[in-house]
Peer 1: 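Take this structure, written in structure tokens, and hold onto it; I'll ask about it next.
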Amino acid sequence: MYKLLILLILSFVIKLHANEIKPLSELKNIDFENYSLHLMERCSVLYAALSILENNNDYENKYKIFLQSSILSKKKLYPDEDEETLYKNSLQDFKLTLSFFLQILKQNYSKNKSYLSEEWLVDDFNTCIKL
């Protein structure tokens, strides 16, 4: 009974957060100044999720590069922020976003037998592949 309740709550939270996740194409229009940071963060999360779900070493290497690049970009954006705090916060944000993306991709797979079945995910992934 408790497991079902937890699953329902988690499903609701995931759907709520998924509605807040904006595609890269939209982020480019909304926040052009920080688009490269959004791009690196999104690519790191997508590659990390796919690395976990597909056990793909190539994706694992890519997510690590994008994650490190996003942290370096944040250092430039926030030069006065303590480096250790910036790093911890970046990793915490990454882990939280990754957990949501894993759930979204798993739901897609259970419905459509494809992790990237939603158009915005395909577009974001295709953008990341080009880099």
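Values reported hereafter were calculated over all heavy atoms of this structure, with side chains retained and with hydrogens, waters and symmetry mates removed.
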Peer 1: Please identify each residue that fulfils salt bridge (charged side-chain N to carboxylate O under 4.0 Å, His left out) with K28, with sequence neighbours left out.
Peer 2: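 Result, salt bridge (charged side-chain N to carboxylate O under 4.0 Å, His left out) vs K28: none returned.
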Peer 1: Answer yes if L72 and L39 sit in the same cluster of Ile, Leu, Val, Met, Phe, Trp and Tyr residues linked by side chain heavy atoms under 4.5 Å apart, and no otherwise.
Peer 2: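 As far as the 4.5 Å side-chain criterion goes, L39 and L72 are not connected within one cluster.
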Peer 1: Working to the nearest 0.5 angstrom, can you tell me the gap between E26 CD and I21 CD1?
Peer 2: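 Between atom CD of E26 and atom CD1 of I21 there are 12.0 Å.
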Peer 1: Please report the closest heavy-atom contact between L121 and Y115, naming both atoms and the distance.
Peer 2: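 For L121 versus Y115, the nearest heavy atoms are CD1-O, 4.0 Å.
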Peer 1: What is the minimum heavy-atom distance between Y59 and N56, and which atoms define it?
Peer 2: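 Heavy atoms only, the tightest pair is N-OD1, 3.0 Å.
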Peer 1: Has N34 got a side-chain atom pairing as donor or acceptor with L37's backbone, closer than 3.5 angstrom?
Peer 2: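 The answer is no, because no donor-acceptor pair under 3.5 Å joins these two groups.
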Peer 1: Linking I/L/V/M/F/W/Y whenever their side-chain heavy atoms sit closer than 4.5 Å, directly or via other members, would L96 and L86 fall into one cluster?
Peer 2: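 Cluster IDs for L96 and L86 differ.
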Peer 1: Is there a path of hydrophobic side-chain contacts, each under 4.5 Å between heavy atoms of I, L, V, M, F, W or Y residues, that connects Y78 with L67?
Peer 2: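 In one cluster: no.
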Peer 1: Hydrophobic clustering (ILVMFWY, side-chain heavy atoms < 4.5 Å, transitive) - are I129 and I65 grouped together?
Peer 2: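 Per the 4.5 Å side-chain linkage, I65 and I129 are not co-clustered.
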Peer 1: For S114, is there any backbone N or O sitting under 3.5 Å from a side-chain donor or acceptor partner on N112?
Peer 2: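 Side chain of N112 to backbone of S114, a donor-acceptor pair under 3.5 Å: no, none is there.
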Peer 1: Measure the spacing between OG of S70 and OH of Y63 and express it to the nearest 0.5 Å.
Peer 2: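 OH of Y63 is found 11.5 Å from OG of S70.
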Peer 1: Taking side chain as C-beta onward, heavy atoms only, is L27 less than 4.5 Å from F32?
Peer 2: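 Answer no - side chains too far apart.
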Peer 1: Would you say the side chain of N89 lies within less than 4.5 Å of the side chain of K74, judging by non-hydrogen atoms?
Peer 2: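 K74 does not reach N89 side chain to side chain.
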Peer 1: Is there side-chain contact between R42 and F101, with at least one heavy-atom pair below 4.5 Å?
Peer 2: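 In short, these two side chains touch, coming nearer than 4.5 Å.
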Peer 1: How long is the span from the CZ atom in F66 to the SG atom in C43, to the nearest 0.5 Å?
Peer 2: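 Separation between the atoms: 4.5 Å.
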Peer 1: Where is the tightest heavy-atom contact between S90 and I71, given as atom of each residue plus distance?
Peer 2: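 Looking at all heavy atoms of both residues, the shortest contact is CB-CG1, 3.7 Å.
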Peer 1: Is there a side-chain contact between Y87 and D82 in this structure, where contact means two heavy atoms from C-beta onward sitting under 4.5 Å apart?
Peer 2: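 Of all side-chain heavy-atom pairs linking D82 with Y87, none is under 4.5 Å.
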Peer 1: When you compare the side chain of T97 with that of E41, does any pair of heavy atoms fall below 4.5 Å?
Peer 2: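 With C-beta onward as the side chain, the pair stays apart.
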Peer 1: Mind checking side chain to side chain donor-acceptor pair (under 3.5 Å) for E83 and listing every partner two or more places apart, or none if nothing turns up?
Peer 2: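 Only K75 meet the side chain to side chain donor-acceptor pair (under 3.5 Å) criterion with E83.
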Peer 1: Rounded to the nearest 0.5 Å, how far apart are OG of S36 and CG of L77?
Peer 2: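 Taking OG in S36 and CG in L77, the distance rounds to 7.5 Å.
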Peer 1: My understanding is that only residues two or more places apart in sequence, or in another chain, count here; which of them pass salt bridge (charged side-chain N to carboxylate O under 4.0 Å, His left out) with E60?
Peer 2: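 Partners of E60 under the salt bridge (charged side-chain N to carboxylate O under 4.0 Å, His left out) test: K64.
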Peer 1: More than 12 non-hydrogen atoms from neighbouring residues, nucleotides or ligands closer than 6.0 Å to CG on N55, yes or no?
Peer 2: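 No, not enclosed.
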Peer 1: Applying side chain to side chain donor-acceptor pair (under 3.5 Å), can you list everything that pairs with E54, at least two apart in sequence or on another chain?
Peer 2: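 In terms of side chain to side chain donor-acceptor pair (under 3.5 Å), with neighbours along the sequence ignored, E54 is linked to no residue.
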Peer 1: Would you say that K62 contacts D58 through its side chain, given a criterion of any heavy-atom pair below 4.5 Å between the two side chains?
Peer 2: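 A side-chain contact under 4.5 Å exists here.
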Peer 1: Rounded to the nearest 0.5 Å, what separates atom CG in L53 from atom CG in L105?
Peer 2: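 Result: 6.0 Å between the selected atoms.
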Peer 1: For side chain to side chain contact (heavy atoms under 4.5 Å, CB included), just list the numbers for M40 and S73, CA-CA rounded to whole Å, side-chain angles, deciding distance to a tenth of an Å, and then say yes or no.
Peer 2: CA-CA 9 Å; M40 287 181 273; S73 291; 2.9 Å; yes
Peer 1: Hey, could you give me the OG1/CG distance between T127 and L46, rounded to the nearest 0.5 Å?
Peer 2: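 The CG atom of L46 is 9.5 Å from OG1 of T127, to the nearest 0.5 Å.
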Peer 1: Who pairs with Y35 by ring pair (Phe, Tyr, Trp, His ring centres under 6.0 Å), at least two apart in sequence or on another chain?
Peer 2: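 Y35 satisfies ring pair (Phe, Tyr, Trp, His ring centres under 6.0 Å) with no other residue.
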Peer 1: Applying salt bridge (charged side-chain N to carboxylate O under 4.0 Å, His left out), can you list everything that pairs with D93, at least two apart in sequence or on another chain?
Peer 2: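 Per chain and number, D93 pairs via salt bridge (charged side-chain N to carboxylate O under 4.0 Å, His left out) with no residue.
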Peer 1: Determine whether a donor-acceptor pair (N or O, by modelled atom type, separation under 3.5 Å) exists between the side chain of N126 and the backbone of V122.
Peer 2: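 Yes: the side chain of N126 pairs with the backbone of V122.
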Peer 1: Quick one: does N108's side chain have a donor or acceptor within less than 3.5 Å of a partner on L116's backbone?
Peer 2: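 Absent.
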